[in-house]
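To keep things clear, I will list the structure first and then write my remarks on it.
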Amino acid sequence: MADRMSPAVAVVASLNVDHIVQAPRIPAPGETLMGFSASRELGGKGGNQAVAAARLGADVAVIGCVGQDEDGDEYLKALAAEGADVTHVRRSPLPTGRAAITVDEEGVNSIVVVAGANADIPAAAAEAAIGALPGLQVVAGQLEAAADATERAFAAARERGVLTVLNTAPAADVAGKLLPFSDVVVSNEIEFRQLTGQDPFDGNGLRRGGAELFAAGCRWVIVTLGAEGCAVLDPLSSVHVPAVAVRAVDTTAAGDSFVGALAARLAEIPAEPTTEDVVAACGFAAKVAAVVVTRHGAHPSLPTLAEVLGA
């Protein structure tokens with residue numbers, strides 16, 4: 001790992017402990033299934049994004065909150081071991097966040113998250129953290145962490161001219177509060193439908209939904225489409241970026257790795273990014289996600305830059 005300098009990427013992060021079971025399929029309501037295996041790993045969308053960016057060579061700072069418990073101790077040590085700056089991760093009397101994840105034989109997952117300490121990030125502290133971090137190029141966030149904290153951090157980043165990347169996962173009404181402060185919005189097909197009411201697989205629906213998000217204040221919209229790759233939209237154009245064909249065994253952290261890789265690549269751009277830059281960053285992020293889905297788990301699946309380039 002390269003020596004860490006001033007962070008170029010900050011992530012307003014959800015930090016969860018994942019409890020994962022492998023099963024033949026996702027159970028129906030009221031159904032009990034026999035699973036194949038169970039494991040416990042560190043995860044959370046924000047934590048995954050931060051670790052992904054760090055392993056890809058970015059200088060990363062984490063803004064978040066963990067419990068005053070052994071899980072919190074473990075997560076702080078793990079982030080520090082990745083080279084991330086954890087100065088702005090606070091401790092809360094609430095327990096460290098949890099996620100229950102079921103993964104089926106096709107690698108598809110279903111996830112239930114209990115926010116815990118992630119809901120306890122002080123908004124003022126998140127705003128102050130942005131001002132205290134020199135050299136910032138990108139601030140990323142998602143909707144698992146406290147929305148007010150993410151909003152204040154994004155607003156502070158915008159005032160500094162720092163690029164903001166919002167991952168609208170899991171889809172929630174609070175996304176509307178964050179869109180005016182978000183330069184880049186990354187949604188999967190389900191989140192895009194929930195946010196805009198439009199079908200991203202329909203060209204007209206994609207453009208109509210994108211126009212709605214642009215009207216709310218963002219500059220680029222990225223819609224991830226699973227095996228179909230992703231669409232990158234600006235107010236004047238739409239570009240399709242193909243996925244890398246692999247056999248998926250577990251899609252846990254695939255979207256998070258995409259966002260972390262995107263942030264890491266955008267942070268390398270010395271000037272104001274162009275749509276061409278965003279498209280290129282998405283191409284790199286697609287390669288990272290393709291590696292992730294061939295592995296099990298969240299943090300264990302996230303590759304280093306050497307692994308991506310050698311894939």
Side-chain angles (χ1 to χ4, degrees), residues 6-16 42-54 58-67 72 75-76 79 82 84-92 94 96-97 99 113 115-172 174-187 191 218 253 255-264 266-267:
S6 57
V9 175
V11 183
V12 186
S14 55
L15 305 169
N16 295 333
L42 299 181
K45 292 186 179 300
N48 295 341
Q49 290 164 10
V51 171
D59 298 323
V60 177
V62 180
I63 302 168
C65 200
V66 294
Y75 215 131
L76 286 172
L79 288 172
E82 298 289 349
D85 180 349
V86 296
T87 305
H88 301 284
V89 179
R90 296 188 166 227
R91 307 301 292 262
S92 169
L94 298 175
T96 300
V113 175
N118 294 312
D120 206 24
I121 306 171
E127 179 180 10
I130 298 301
L133 291 167
L136 273 183
Q137 294 289 105
V138 176
V139 176
Q142 4 60 49
L143 303 180
E144 280 187 343
D148 288 346
T150 305
E151 181 181 355
R152 292 275 288 274
F154 273 35
R158 271 284 182 92
E159 289 179 4
R160 284 185 56 184
V162 174
L163 193 76
T164 55
V165 178
L166 175 65
N167 177 210
T168 60
V174 295
K177 296 173 59 180
L178 292 165
L179 290 175
F181 305 106
S182 303
D183 294 304
V184 183
V185 171
V186 184
S187 297
E191 295 149 9
C218 66
D256 302 332
S257 71
F258 184 98
V259 175
L262 178 71
L266 292 176

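Positions are given from 1 along the sequence. Remember, it's a predicted structure, so these values are computed and weren't measured experimentally.
Applying the side-chain hydrogen bond (donor to acceptor under 3.5 Å, both in side chains) criterion to Glu127, with sequence neighbours excluded, gives Arg152. For Ala129, the side chain to side chain contact (heavy atoms under 4.5 Å, CB included) partners at least two apart in sequence or on another chain are Ile63, His88.
Rounding to the nearest 0.5 Å gives a distance of 12.0 Å between OG1 of Thr164 and CD of Glu151. Put simply, OG1 on Thr96 and OH on Tyr75 are 10.0 Å apart, with the number rounded to the nearest 0.5 Å. For the atom pair Asp59 CG and Gln137 CD, the distance stands at 11.0 Å (nearest 0.5 Å).
For the residue pair Ala157 and Val139, the shortest heavy atom distance occurs at CB-CG2, 3.8 Å. When all heavy atoms of Pro170 and Glu144 are compared, the closest pair comes out as CD-CG, 3.5 Å. Between Val89 and Cys65, the shortest heavy-atom distance links the atoms CG1-N, 4.2 Å. In terms of heavy atoms, Val186 sits closest to Val259 at CG1-CG2, 4.1 Å. Pairing each heavy atom of Ile121 with each of Ala13, the nearest pair is CD1-O, 3.9 Å. The minimum heavy-atom distance between Arg91 and Gly72, with the atom names listed, is NH2-C, 3.7 Å.
In this structure, Leu143 and Leu166 have side chains that are in contact, with non-hydrogen atoms separated by less than 4.5 Å. In this structure, the side chains of Val138 and Val184 stay at 4.5 Å or more apart for every pair of heavy atoms.
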(request) Give the intermediate values and the outcome of side chain to side chain contact (heavy atoms under 4.5 Å, CB included) for residues Lys177 and Asp148. (result) CA-CA 9 Å; Lys177 296 173 59 180; Asp148 288 346; 3.0 Å; yes
(request) Start with the C-alpha gap between Leu79 and Val60, add the side-chain angles, then the distance that decides, and say whether side chain to side chain contact (heavy atoms under 4.5 Å, CB included) holds. (result) CA-CA 10 Å; Leu79 288 172; Val60 177; over 6 Å; no
(request) I would like to know whether Asp183 and Arg158 meet side chain to side chain contact (heavy atoms under 4.5 Å, CB included); could you show each step before the answer? (result) CA-CA 9 Å; Asp183 294 304; Arg158 271 284 182 92; 3.0 Å; yes
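Legend: salt bridge (Lys or Arg N to Asp or Glu O under 4.0 Å) pairs involving residues 159-168, not counting sequence neighbours: none detected.
Within a 6.0 Å sphere centred on CZ of Arg90, heavy atoms belonging to other residues, nucleotides or ligands number 12 at most.
Put simply, the side chain of Asn167 never gets that close to the backbone of Gln142: no donor and acceptor are under 3.5 Å apart. Side-chain N or O atoms of Ser257 include none that pairs as donor or acceptor with a backbone N or O of Ala52 at under 3.5 Å. A side-chain donor-acceptor contact under 3.5 Å links Asn118 to the backbone of Ala115.
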